[in-house]
Amino acid sequence: MAGLTREHVRVAVIGSGFGGLGAAVRLRREGVTDFVVLERAGSVGGTWRDNTYPGCACDVPSHLYSFSFAPNPRWPRNFSGQPHIRAYLEHVTDTFGLRPHIRFDSEVRALRWDTGALRWEIDTARGALTADLVVAAAGPLSDPKVPDIQGLDTFPGKVFHSARWDHDYDLRGKRVAVVGTGASAIQIVPAIQPQVARLTLFQRTPPWVLPRVDRDISGAEKWLHDKVPATRALRRGVLWGLRELQVGAFTKRPDQLGLVERFALRHLKRAVKDPALRARLTPSYRIGCKRILLSNDYYPALARPTTDVIASGLSEVRGSTLVAADGTRAEVDAIIFGTGFHVTDMPIAQRVTGADGITLAEAWRDGMAALRGASAAGFPNFMTIIGPNTGLGNSSMILMIESQLNYLADYVRQLDLLDDGEGRVALDARPSAVRAYNDRLQERLRHTVWNTGCTSWYLDANGRNTTAWPGTTGEFRRITRRVDLAEYEVLRVPAPRRAPESSPPGPAAVPAQSQGSSEVAA
């Protein structure tokens, strides 16, 4: 692309899920219209577009799992399914006039910071452009993770991940293996179990499962929420408040979760009468260490005579035979992986090259770290939505996203205030600020339930918790309300020097600052 003039925008947003669409709405509200949303697929929705497996639904109540600025009075159920959530995101897109800003089929292949121009060079599947500010909202649940299983490439049957469901493959009458027992698997198993000839579940670690208090939302409730918005806000507030009250047990006093464990064990005992099967399904770690799952039909599906539960992970594939780590074998026609996503090693980090010429993945080789979940040192004017240590274990991620949108809005305001009139300014998180912020986080995380000894997606390959937020959503909103310029270096490109009209004798002119030099904010 050397020598060609690239299109330039003020802001480039990556992804059109909740984070990306929320960023687009907030930018417009801040008066920023010179932005694009780069989406690799052909429609909006993010994880709610990609995950279409049978039974797919949210485990957070709908009235809390939606934007505060775009309430939906007509959610059909307490816990709505994937089609309704995706339809909601399409509605948000149209209501706020975002489609002209979205570029579909535009997967971001590379981003590189231009130190001299203080802007990002972006290569996409549909061409190149530059941007002053990049907002990465690709999300941690965007790239499926399939374990490296010996012999998997020789399996003669069908193989796919839950996030890439093959709807053309008919499961009826097939012997099907489900690998994994996470949030997707416990929805898939009861949805497909009645159709298949035999279902085999490979369970490396049993999850804690609580009842799902779900029901249809009545027509009267929908009418009331539509006509009296205060009732809708009250419902959301109650849902939020109850979850805020639970945070202390997760983050400071995990021993208090023993009562919840007893409730979960009663739920298991009611559904599974076979003591041997019940023993295989009983977790041995503190509830909450791995994500707590909600289901009324998972245990009954496992108790049926055509279901086998192998209490061991899948270790090897030999033709149509699957071999577990404990040696148990199963003959199957199809393998469905419910093994989660690249959460602590987000693939987009490999595509982002910062001011020092290293990728974000390289900068994070010892673990993800960002200031207030948004800014990584050495990557100026680059923000993540749902970045490091912004994940939750008991509430709605939309609350965290909206807090980060507040931070984004103030970030844009600060750039405007610092602008020299030509947009040649950037903010780069100070390494000392990132380090101090994350040292405090890690100290707090030591006392949380997520660090009590189990293996989970909250922890990276080094055993470091780089995903969870160790506080309330209210606290996170407070610390992301404003950008503290003391935590950033202000980078400027100096104005070009003008040649003097004459050269009188005397001291030499002071040289201009070198490009890319920094200025510390007062």
Side-chain angles (χ1 to χ4, degrees), residues 55 145-152 155 157 159 161-162 174-194 196-211 260-318 320-340 449 452-459:
K145 190 172 188 176
V146 176
D148 184 14
I149 305 295
Q150 181 180 344
L152 182 61
F155 181 68
V159 179
H161 190 278
S162 60
K174 301 292 197 309
R175 299 168 300 176
V176 179
V178 174
V179 181
T181 54
S184 299
I186 73 153
Q187 295 178 345
I188 292 168
V189 165
I192 69 171
Q193 191 277 333
V196 304
R198 191 155 205 91
L199 188 145
T200 302
L201 178 70
F202 284 82
Q203 171 195 267
R204 188 175 59 183
T205 308
W208 283 102
V209 182
L210 291 172
V260 185
E261 286 184 2
R262 291 194 289 274
F263 183 62
L265 290 173
R266 285 198 296 270
H267 178 54
L268 169 60
K269 189 173 183 178
R270 281 195 298 267
V272 179
K273 304 305 179 184
D274 178 6
L277 176 58
R278 195 162 63 239
R280 293 200 296 275
L281 297 175
T282 301
S284 59
Y285 55 90
R286 173 62 74 194
I287 192 169
C289 186
K290 296 167 72 74
R291 187 174 179 87
I292 300 173
L293 306 180
L294 306 178
S295 179
N296 299 325
D297 47 14
Y298 176 65
Y299 285 145
L302 298 183
R304 294 194 176 104
T306 55
T307 302
D308 297 315
V309 177
I310 297 176
S312 182
L314 177 60
S315 176
E316 186 181 352
V317 176
R318 301 174 186 169
S320 296
T321 303
L322 306 191
V323 184
D326 66 358
T328 306
R329 301 186 179 197
E331 294 287 327
V332 303
D333 304 305
I335 305 172
I336 301 170
F337 284 98
T339 45
V449 70
T452 53
C454 70
T455 300
S456 74
W457 60 265
Y458 295 113
L459 309 181

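Computed from heavy atoms alone, side chains included, the values below leave out hydrogens, waters and symmetry copies. In this chain, numbering begins with 1 at the start of the sequence shown.
Between Tyr285 and Trp208, the ring planes are perpendicular. Angles over 60° get that label, and only those under 30° would be called parallel.
Between Arg329 and Glu331, no side-chain nitrogen of the basic residue sits less than 4.0 Å from a carboxylate oxygen of the acidic one, so the salt-bridge criterion is not met.
Side-chain contact between Val323 and Val317 is absent, with no heavy-atom pair separated by less than 4.5 Å. Using a 4.5 Å heavy-atom threshold, the side chains of Leu210 and Ile292 count as touching. A 4.5 Å side-chain heavy-atom check between Arg291 and Tyr458 finds at least one atom pair inside the cut-off.
In this structure, the separation between CG on Leu201 and CD1 on Ile186 is 11.0 Å, given to the nearest 0.5 Å. The OH atom of Tyr298 lies 11.5 Å from the CD atom of Gln187; values are rounded to the nearest 0.5 Å. Arg204 contributes atom CZ, which lies 9.0 Å from atom OG1 of Thr339 (distance to the nearest 0.5 angstrom).
Between the side chain of Lys290 and the main chain of Cys454, no donor-acceptor pair closer than 3.5 Å is present. Thr282 places a side-chain N or O within 3.5 Å of a backbone atom of Arg278 that can act as its donor or acceptor partner. Of the possible donor and acceptor atoms, none in the side chain of Thr200 sits under 3.5 Å from a partner among the backbone N and O of Ala330. With hydrogens and angles ignored, the 3.5 Å screen pairs no side-chain donor or acceptor of Ser295 with any backbone N or O of Pro211. Distance alone, capped at 3.5 Å, is enough to place a donor-acceptor pair between the Thr307 side chain and the Ala301 backbone. Distance alone, capped at 3.5 Å, is enough to place a donor-acceptor pair between the Gln203 side chain and the Arg280 backbone. In terms of modelled atom types and a separation under 3.5 Å, the side chain of Ser312 and the main chain of Ala325 share a donor-acceptor contact. Not a single donor-acceptor pair under 3.5 Å links the side chain of His267 to the backbone N or O of Asn296. Using a distance-only test at 3.5 Å, with no hydrogens or angles considered, no donor-acceptor pair links the side chain of Gln150 to the main chain of Glu316.
Applying the side-chain contact (heavy atoms from CB on, under 4.5 Å) test between Val176 and each of Ile188, Val332, Ile336 identifies Ile336 as the sole match. Paired with Asp333 under the rule salt bridge (Lys or Arg N to Asp or Glu O under 4.0 Å), one option of Lys174, Arg175, Arg198 passes, and it is Arg175.
Taking Phe155 as the reference, nothing meets the ring pair (Phe, Tyr, Trp, His ring centres under 6.0 Å) condition, with sequence neighbours excluded.
Between Pro190 and Ala185, the shortest heavy-atom distance links the atoms CD-O, 4.4 Å. When all heavy atoms are compared, the tightest approach of Leu199 to Val189 is CD1-O, 4.1 Å.
Side chains of Gln193 and Arg304: a donor-acceptor N/O pair is present below 3.5 angstrom, by distance only.
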